[in-house]
Amino acid sequence: MDSKLFIYNTLTRKKEEFIPINPGHVGIYVCGPTVYSDVHLGNCRTFISFDLIYRYLLHLGFKVRYVRNITDAGHLEGDRDEGDDKFAKKAKLEQLEPMEIVQKYTLAFRDVMRIFNTLPPSIEPTATGHISEQIEMIKQILEQGYAYEINGTVYFDVEKYSKEYPYGQLTNRKLEDLLEGTRELGGQDEKRGRLDFALWITAKPETLMKWPSPWGWGFPGWHIECSAMGRKYLGDTFDIHGGGMDLQATHHTNEIAQSQACNHKAPVKYWMHTNMLTVNGARMSKSAGNGFLPNELFTGNHPLLDKGYSPMAVRFFMLQSHYRSTLDFSNEALQASEKGFQRLMAANRILNKIKASDKSTVVVNDLTSRIYDAMNDDFNSPVAIAVLFDWVRNINSLAEGKESITQPDLDLLKQTFRTIVFDILGLVDEQSEGSKQELTSNLIDMLLNMRLEAKARKDFSTSDKIRDDLAKFGVVVRDRKDGFDWEIS
RNA sequence: GGUACCUUGGCCGAGUGGCUAGGCAUCGGUCUGCAAAACCGACUACGGCGGUUCGACUCCGCCAGGUACCUCCA
């Protein structure tokens, strides 16, 4: 492909041509979940978006190292340093060891990711597994004079840093504005500057997860893990760093500051941020209590849901909007996507029934080029899906003989269509999976062949009975000119 | 309060200075023993008020409404 890939870079607020640092290779870091509770659908959206991005980069032939961390340490509640550690708090609540909490929710997270058919990252590093790297980085930042220690806690000196580097560049803000916007913090604060944040936090007697450090027993601040692990696995400067938009202002801003202060290099070339999933216009979040758990969605067991939705219908729903747009979550929207998704899958099956002829009235290359145009424009999956639906129409017309296609073109169409749908968009035809399904499908075929015979001898009462009985089990039958078609509703 | 962003047809959602995605729903028609599916066709929108322009939904300004961030959250 000689067409160019463009990526919207939060740093410059523009779409920029993607030029990897090392030709042919891409290093990408995505902020993963904090595993002290179940991930909700909003979290899933971000990881599904980056899965699309990962898949497309792979498709383009890049050798990609995709790093997505698991945050399993630290994370104070509130910006004051007297907050509780999330893991310790949750551990107390569930009467478990903090690492039991971590294990439980890490496994649950991976299950959910698998259900949504996301590819596993190349490396999934944990914060607790990289304490020494984080301590090392903090030492380096201290040595360079961008941090200070007070009573075993190490703070990053934002004001000193901002004299040399643009601190608020990721959100296009000036330091003065940020200072102005900082709220009054109640109580005493040992930090020198209002914007300073902790790199290392001293352990209190009740702190459960703590490690020895040059500053005594403690645990790492939230932001340092990504700086340390990104550097370790992807280098001082790497290609893409991603995460949800909610991380942009604080987490990523501080990450840049730490890395820059330590390495004196911009850590990342392209910053990518995915937008929020909303419910009735408001952001889905843990604290707001409007989160949906994946399982509630699959089963429909939630007051706001009319019914359950399959994982692939949900994935498709998410891919139908652009990753930088908010996406509003509703029954109607979900149902529309579910039907569209089924139509797409049906077209894929119909593809197998098309017979080649001696000339083509459709231009397969149109599909290919339009898909690349869409995806190269900042991974525009909704436009790609629109193109796919134009071809759903073509595929149906081909099956009905209204259009014709040669064998080489048909082979190309099948290959292209499936590459897009399954490899790039990462969808799965849930209906055609597994051996049990195969048996079911054979049984249904058998019954429908009997029905065909009944119809041939005009025994419509029998043929209707077969159809109606199948309908009772949820099998929808459709007659076709050359036989039949069915699906499980 | 500060800083950004958003407002598209019944719903969801792309996008562009002129050629007006797509999905779902709805209404006609074709096909069918009936039904469904499929196909064909219809419905042609861009918050309000000004401005720039030959021309704006797309650019600028103001207003209204909304959202996010500034505090843990993808």
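Both backbone and side-chain heavy atoms feed into the values below; hydrogens, waters and symmetry mates do not. Per chain, numbering begins at 1; letters A, B, ... match sequence-line order.
- Look at the C1' atom in both rA25(B) and rG9(B): the space between them is 12 Å, to the nearest Å.
- Side-chain nitrogen and oxygen atoms of Lys339(A) include at least one within less than 4.0 Å of the OP1 or OP2 phosphate oxygen of rA25(B).
- Distance from the side chain of Phe47(A) is smallest for rA74(B) among the nucleotides rA14(B), rA74(B), rA68(B).
- Which of rA74(B), rC39(B), rC5(B) sits closest to the side chain of Leu277(A) comes down to rA74(B).
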Item to check | Pair Asp469(A)-Lys465(A), salt bridge (Lys or Arg N to Asp or Glu O under 4.0 Å): steps then yes or no | outcome: CA-CA 6 Å; Asp469(A) 284 355; Lys465(A) 181 169 166 45; 2.9 Å; yes
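- The Ala336(A) side chain lies nearest to rC24(B) when the options are rA21(B), rC39(B), rC24(B).
- Close to rG23(B), at under 4.0 Å from its OP1 or OP2, lies a side-chain N or O of Arg343(A).
- Remark on RNA chain B: of its neighbouring residues Ser463(A) and Glu400(A), the 5'-side contact belongs to Ser463(A), judged by nearest-heavy-atom nucleotide.
- Within 4.0 Å of Asp464(A), counting heavy atoms only, lies at least one base atom of the nucleic acid.
- Side-chain polar atoms of Asn254(A) and Tyr167(A) form a donor-acceptor pair below 3.5 angstrom.
- Among the protein residues, Met276(A) comes within range of the nucleic acid bases, having at least one heavy atom under 4.0 Å from a base atom.
- In this model, the phosphate group of rA68(B) is not approached by any side-chain N or O of Thr326(A) to a distance below 4.0 Å at OP1 or OP2.
- With C1' as the reference atom, rC11(B) and rC5(B) are 23 Å apart, rounded to whole Å.
- Distances from the side chain of Leu247(A) to the nucleotides rC39(B), rG13(B), rA74(B) place rA74(B) closest.
- Neither side chain, Arg315(A) nor Asn117(A), offers a donor N or O lying under 3.5 Å from an acceptor on the other.
- Straight-line distance between the C1' atoms of rA37(B) and rA74(B): roughly 39 Å, to the nearest whole Å.
- Separating the P atom of rC60(B) from that of rA38(B) is a span of 42 Å, rounded to the nearest Å.
- A distance of 6.0 Å or more separates the ring centres of Tyr309(A) and Phe298(A).
- For Asn43(A), a side-chain nitrogen or oxygen approaches OP1 or OP2 of rA74(B) to under 4.0 Å.
- If you check rC39(B), rA37(B), rC34(B) against the side chain of Ser397(A), the one that comes closest is rC39(B).
- Along RNA chain B, the nucleotide nearest to Gly243(A) and the one nearest to Ala282(A) differ in position, and the one closer to the 5' end is contacted by Ala282(A).
- OP1 or OP2 of rC39(B) lies within a sub-4.0 Å distance of a side-chain N or O belonging to Asn396(A).
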Next on the checklist: Taking Watson-Crick (N1-N3 plus N6-O4 or O6-N4) and G-U wobble (N1-O2, O6-N3), each under 3.5 Å, can you produce the dot-bracket string of RNA chain B? Use [ ] for crossing pairs and | for inter-strand ones.
Outcome noted: (((((((..(((.....[...))).(((((.......)))))....(((((..]....))))))))))))....
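- One C1' atom belongs to rG28(B), the other to rC43(B), and the distance between them is 11 Å to the nearest Å.
- The nearest pair of heavy atoms linking Pro33(A) to Val39(A) is CB-CG1, 4.0 Å.
- A gap of 12 Å separates the P atoms of rA35(B) and rU30(B), to the nearest Å.
- Atom C1' of nucleotide rC39(B) and atom CD1 of Ile350(A) are separated by 11 Å, given to the nearest angstrom.
- Tyr29(A) has its ring centre less than 6.0 Å from the ring centre of His241(A).
- Listed pair Ser325(A) / rA14(B) meets the phosphate criterion, a side-chain N or O lying under 4.0 Å from OP1 or OP2.
- Under 3.5 Å, the side chain of Asp377(A) and the base of rG15(B) form no donor-acceptor pair of N or O atoms.
- Asp51(A) and Ser49(A) form no side-chain donor-acceptor contact under 3.5 Å, judged by distance and modelled atom types alone.
- In this structure, Ser285(A) reaches the bases: a heavy-atom distance under 4.0 Å links it to at least one base atom across the strands shown.
- At the heavy-atom level, Thr250(A) lies under 4.0 Å from the strands shown only through sugar-phosphate atoms.
- Counting non-hydrogen atoms under 4.0 angstrom, His273(A) reaches nothing in the nucleic acid.
- In this structure, of rG22(B), rA14(B), rC39(B), it is rA14(B) that holds the atom nearest to the side chain of Val383(A).
- Residue-level contact check: Gly32(A) touches the backbone only, with heavy atoms under 4.0 Å from sugar-phosphate atoms and none from bases.
- Atom P of rA45(B) sits at a distance of 23 Å from the matching atom of rC40(B), rounded to the whole Å.
- As judged by a 4.0 angstrom heavy-atom cut-off over every strand, Asn275(A) is placed among the base-contacting residues.
- Val30(A) comes within 4.0 angstrom of nothing in the nucleic acid, heavy atoms only.
- Judged purely by distance below 3.5 Å, without hydrogens or angles, the side chains of Ser227(A) and Ser259(A) pair a donor atom with an acceptor atom.
- Nearest to the side chain of Pro382(A), among rA14(B), rA36(B), rC12(B), sits rA14(B).
- Side-chain atoms of Asn394(A) stay outside donor-acceptor range of the base of rC39(B), with no qualifying N/O pair under 3.5 Å.
- The aromatic ring of Phe460(A) sits over the base of rG33(B), with ring centres less than 5.5 Å apart and planes tilted by under 30°.
- Residues Cys226(A) and Gln134(A) have side chains not in contact (no heavy-atom distance under 4.5 Å, counting atoms from C-beta outward).
- With hydrogens and angles left out, the side chain of Arg393(A) and the base of rC40(B) share no donor-acceptor pair within 3.5 Å.
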Item to check | Derivation of the side-chain hydrogen bond (donor to acceptor under 3.5 Å, both in side chains) call for Arg467(A) and Thr462(A) | outcome: CA-CA 9 Å; Arg467(A) 183 181 67 196; Thr462(A) 302; over 6 Å; no
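- Of all nucleotides listed (rC12(B), rC70(B), rG15(B)), rG15(B) comes nearest to the side chain of Asn380(A).
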